[in-house]
Amino acid sequence: MGRALARTSSWRGGYGAIACIQLALFVVLLASLPLWRWHQAQADRENTDRTDVANNPGKTSKRHVLRIPGVTYALATFLFYCAAEAGVGLWGSSFLVQRKGIPVETAAFWVAVYFGGITLGRFRLHI
């Protein structure tokens with residue numbers, strides 16, 4: 001978005017690029033649905049003897065899940081993490097430009113690096 005604004009002074013190109021990226025992600029995820037189902041079937045076959053909440057969703061209620069030790073703390077932590085992530089994402093570049101005097105393109109780059117770091121951090125390596 002920062003690059004589109006810097007080059008054309010219009011947000012339409014940036015939103016168009018983001019729309020294309022999201023469409024490509026949708027196509028990839030849609031094409032991978034059979035793999036997810038196959039993987040789930042394999043996991044179900046391997047874990048037939050488990051009797052925890054995740055494998056018996058029909059026999060548990062939402063209140064029962066909330067009574068599991070640590071669940072409410074995990075949910076609260078996730079809520080605050082999402083709020084912090086959204087806050088930095090929404091206001092990070094504005095703060096850098098207006099308070100720190102950084103050029104718009106540089107501020108947009110560093111916020112993109114922030115989101116790229118979050119994205120890379122969510123990948124799990126299987127070693």
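Side-chain atoms are counted along with the backbone in the values below, which use heavy atoms only and exclude waters and symmetry mates. All figures in this text were calculated on a predicted structure; none of them were measured in a lab.
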>> The criterion is salt bridge (Lys or Arg N to Asp or Glu O under 4.0 Å); which residues satisfy it with Glu105, sequence neighbours excluded?
In response: none

> Looking at residues at least two apart in the chain, or sitting in another chain, which of them share a salt bridge (Lys or Arg N to Asp or Glu O under 4.0 Å) with Arg122?
Replying inline: Glu85

If you look only at distance, which donor and acceptor atoms sit under 3.5 Å apart when one is on a side chain in residues 90-102 and the other is two or more places apart or in another chain?
none

> Between CG of Leu23 and CG of Leu30, what distance do you get to the nearest 0.5 Å?
Replying inline: 10.5 Å

> Taking atom OG1 of Thr119 and atom OH of Tyr114, what is their separation to the nearest 0.5 Å?
Replying inline: 10.0 Å

Is there a path of hydrophobic side-chain contacts, each under 4.5 Å between heavy atoms of I/L/V/M/F/W/Y residues, joining [Y] to [X]?
{"X": "Val111", "Y": "Tyr81", "value": "yes"}
{"X": "Phe115", "Y": "Phe109", "value": "no"}
{"X": "Leu33", "Y": "Phe26", "value": "yes"}

> Where is the tightest heavy-atom contact between Val71 and Val65, given as atom of each residue plus distance?
Replying inline: CG2-O, 3.6 Å

>> Any donor-acceptor pair under 3.5 Å linking the side-chain atoms of Trp110 with those of Thr106?
In response: no

